[in-house]
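Note that the structure is predicted; figures quoted are calculated from it, not measured. Throughout, protein chains are lettered first and strands after them, A, B, ... in sequence-line order, and every chain is numbered starting at 1.
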4 protein chains.
Amino acid sequence: MSSQKSTSADTAVTGAAATDVLDAGRAPKRARGRMRVAALLDAATLVFAEKGYDAATMTEIAARSSTAIGSLYRFFPSKEALAEGLLHRYGERASAGLDAIAARAHDMTAAQMADALLDLMMALKSERTALKVLMDARVDGANRRRYLLGVIRGRMAGVLSAHAPGLSADRADLLSIMLLHLMKTIPELAEEAEAAALFQEMRLVLSAYLTAAVAGG
Amino acid sequence: MSSQKSTSADTAVTGAAATDVLDAGRAPKRARGRMRVAALLDAATLVFAEKGYDAATMTEIAARSSTAIGSLYRFFPSKEALAEGLLHRYGERASAGLDAIAARAHDMTAAQMADALLDLMMALKSERTALKVLMDARVDGANRRRYLLGVIRGRMAGVLSAHAPGLSADRADLLSIMLLHLMKTIPELAEEAEAAALFQEMRLVLSAYLTAAVAGG
Amino acid sequence: MSSQKSTSADTAVTGAAATDVLDAGRAPKRARGRMRVAALLDAATLVFAEKGYDAATMTEIAARSSTAIGSLYRFFPSKEALAEGLLHRYGERASAGLDAIAARAHDMTAAQMADALLDLMMALKSERTALKVLMDARVDGANRRRYLLGVIRGRMAGVLSAHAPGLSADRADLLSIMLLHLMKTIPELAEEAEAAALFQEMRLVLSAYLTAAVAGG
Amino acid sequence: MSSQKSTSADTAVTGAAATDVLDAGRAPKRARGRMRVAALLDAATLVFAEKGYDAATMTEIAARSSTAIGSLYRFFPSKEALAEGLLHRYGERASAGLDAIAARAHDMTAAQMADALLDLMMALKSERTALKVLMDARVDGANRRRYLLGVIRGRMAGVLSAHAPGLSADRADLLSIMLLHLMKTIPELAEEAEAAALFQEMRLVLSAYLTAAVAGG
DNA sequence: GATGAATGAGTCTTCATTCAT
DNA sequence: TATGAATGAAGACTCATTCAT
């Protein structure tokens, strides 16, 4: 009883308190839960990237993150849901990366832009491989994936608009789709023997295209 | 008796007749066999493209080509062998297409080149999607796939050399790898809602890159 | 024409002629047929012995005797029938061998008898291995196999009666069953490293048993 | 509280208690697991004996022990592993039986020895039939089977040495091989119509052989 | 009759998912 | 709430047998 009183006092202040207080004892468990989820997603990233979507087994993903299979299913009720979780996390990270570029985009040259995009892709590389696998897996739920794509494309359009304010909205959308398709090949280039030289080429492709497109748009 | 006489007379004339006669009954079987193989490869192309390598089932591929599962296995003794058959056929078709472009390459502008490559990819589109799936599949036999890649890259280098005779061999090789990576995205563009506009963009990407690369090389 | 004449002349003598004449042109085919059957049975003996009943494939048996699979099925309409053919041939050869021993049995000592039986088993060894496989295969048609067993046991009883005329029929039957069971192990002994020594032991087993049994019966 | 006290008292005494408590929840699962394994081996014994190794299906073995096919594969990850499990269990039982005979062997007559061996084979009869099938199966892993044979032959040699201490080691080894070959026929005798009489004969075979061999050795 | 391509039932095995403990 | 044993649908592949040529 007395504990409840003090609780309501706290709540008034913190705002987020309402839920926190109700969960009192559960708070640490939640923290554990979030770590579990992170560990699961990390393991899933590895296993999907190594084996592909179908060949990856829920059992191995659980084992690699030292999680009981039953617990994995508590957090992600299906393999599809796990894939979606991965997609979601990737979407957030990619969005953050693109937003960061957008913030600096106004003052960048096309060549600098190309570099920034290349850097971003390489930073996300390990997750990209898993993502590719998931996007290619022709399973149902593709629509939700399409949603993710939409979000990222929006961010990319933001980058472009910041970079070349003169672009029409439609044109920015189109360019963002095109650029994202081009950027998809970057992790693959990284696996070629001539990776370094190919990066130079990609830099050329991107800046040449950006220059031409911005000028022509 | 008289029939026997005429028979020996015929044989004497044609020379090849002897074997023809012996194969008499086998000829149609072979023709049927070749059609079966083509039907199987077509069905496999569809199913692999739709489901991905692992999710594609031999049973469905057989059913889609109205073939008994046992017959599928007579022609392709394993799923891997079927994939290889597809790869092989694609290799031949792509090589032929690139060779045809090479023959005309000397007199083409960068823009015409871009168009020709786009057209080729679209002509191969249905097979391209399946090919992507097969090349990405994390299965053994990747070496033979690598071989296919080598062949196609060689043809593409031939196209570039014909187009811009001034290119060094190394440079032509590098450009061909880059171009093929870029071209891989074409069938994916075709699936976007804005396909037509994206094709224009790709034309721009390719010709801008070709122009810059040839000039810079 | 002239050949036909001489044929009918021959026929008059042989008694089997009636059918021979009707088959005129088929006669050589028949001979071919008999050779095919022999070749098939030989191949089957090998393959069954090597692989066991289930793992042996009709296709391999056909191939090993250079026979088309369709032809194999003309002679033996099922795998079971082929097994039966083998059993039958074995029965005839084993019967012949036992009859030959029976003819000399009266004047043989127990030790000589043991030797004769050992020799017979070794002479039939290659077929024995296949036979073992067929008798052990727990497939239907076991009844017909039981018939074969009956025949051979009868012959063995004949051998025993000739050897020891004082034996009652029942006792001879029992002893023959026992002896045949013991003899079954001989080909297995031949596969042990100590085959030679084990043969001596088996000689001991057989003659000790024969002596004791004949005396005690 | 009092229960807790008594618990800790118990623990103090048994020593093993600590782990017992930790395993509390797992203990019944393990017990169930062991019963499953036993049921599976029993079913496998039946099915292998009835159908032979190849013709026996994992599905039927699972069904006969009211086990889901997936569970069968949890305990025995392959058909071969299941066979090995059976071999192992047989090896232990046969060894135990032979050791028990060895313990009494010194004071036994040849006839008593024969009886003891007959009794042992009959006790193991149902497993013997399956074992025969497994030992004959032309599959890989034959080496491990050879190991089993070695073990059992060693035990049998122990029996003989205890029975007739005068035997040389080599002679004991040879006799044990011979005796085991003879004993293999016992379960087959049991399937004949005249089983009872044949057992008398086998008794005769064994004791006559033992007497002769021991005297002669 | 001979041939061998075609057929499809049936085998072993895997793995996403559930649920009793 | 966590655990991991249990489940069974589904997939790749084989082979006895048939039948059009």
Seminar exercise, completed: Here the distance between atom P of F/dA16 and atom CG of C/L72, to the nearest Å, is 10 Å

Exercise. Can you tell if the side chain of B/M58 reaches within under 4.5 Å of the side chain of B/Y73, non-hydrogen atoms only?
Worked result: yes

Exercise. Starting at CZ of B/R34 and ending at P of E/dA5, how long is that distance when rounded to a whole Å?
Worked result: 14 Å

Exercise. Relative to the 5' end of DNA chain E, which residue comes earlier, C/T67 or B/T67, by the nucleotide with the nearest heavy atom?
Worked result: C/T67

For this session: Please determine if a side-chain N or O atom of D/S71 lies less than 4.0 Å away from the OP1 or OP2 oxygen of F/dT7.
Result: yes

For nucleotides 10-14 of chain F, print each protein N/O atom paired with a nucleotide N/O atom at under 3.5 Å, atom names and distance only.
residue : atom : partner : partner atom : Å
F/dA12  : OP1  : B/A56   : O            : 3.1
F/dA12  : OP1  : B/K79   : NZ           : 3.0
F/dA12  : OP2  : B/M58   : N            : 3.0
F/dC13  : OP2  : B/Y73   : OH           : 2.9
F/dC13  : OP2  : B/K79   : N            : 2.9

For this session: Nearest whole angstrom, please: distance from the C1' of E/dT17 to the CD1 of A/I61.
Result: 14 Å

Problem set entry | Test log, rule salt bridge (Lys or Arg N to Asp or Glu O under 4.0 Å), inputs A/E60 and A/K79 | CA-CA 12 Å; A/E60 179 172 1; A/K79 195 177 184 179; over 6 Å; no

Seminar exercise, completed: Rounded to whole Å, CZ of C/R36 lies from P of E/dG1 at a distance of 15 Å

Exercise. Quick one: does B/R145's side chain have a donor or acceptor within less than 3.5 Å of a partner on B/L134's backbone?
Worked result: yes

Problem set entry | salt bridge (charged side-chain N to carboxylate O under 4.0 Å, His left out) partners for C/E50, two or more places apart | C/R64

For this session: List the steps, then state whether salt bridge (Lys or Arg N to Asp or Glu O under 4.0 Å) holds for D/E127 with D/R89.
Result: CA-CA 9 Å; D/E127 288 168 286; D/R89 189 170 75 166; 3.7 Å; yes

Exercise. Under 4.0 angstrom, heavy atoms only, what part of the nucleic acid is B/F75 near: base, sugar-phosphate, or nothing?
Worked result: sugar-phosphate

Exercise. What's the CZ-P distance between B/R74 and E/dG8, to the nearest Å?
Worked result: 14 Å

Seminar exercise, completed: B/F76 CZ to E/dA6 C1', in whole Å, measures 16 Å

For this session: May I ask you to decide if D/A49's main-chain N or O and D/K132's side chain share a donor-acceptor pair within less than 3.5 Å?
Result: no

Exercise. For A/L46, does its backbone N or O pair with a side-chain atom of A/K51 as donor and acceptor, under 3.5 Å?
Worked result: no

Problem set entry | Under the 3.5 Å Watson-Crick or G-U criterion, the dot-bracket string of DNA chain F, with | for inter-strand pairs | .||||||||||||||||||||

Exercise. Any side-chain heavy atom of A/F76 within less than 4.5 Å of one from A/L41?
Worked result: yes

For this session: Compute whether any side-chain donor of one residue and acceptor of the other, for B/T67 and B/S65, lie under 3.5 angstrom apart.
Result: yes

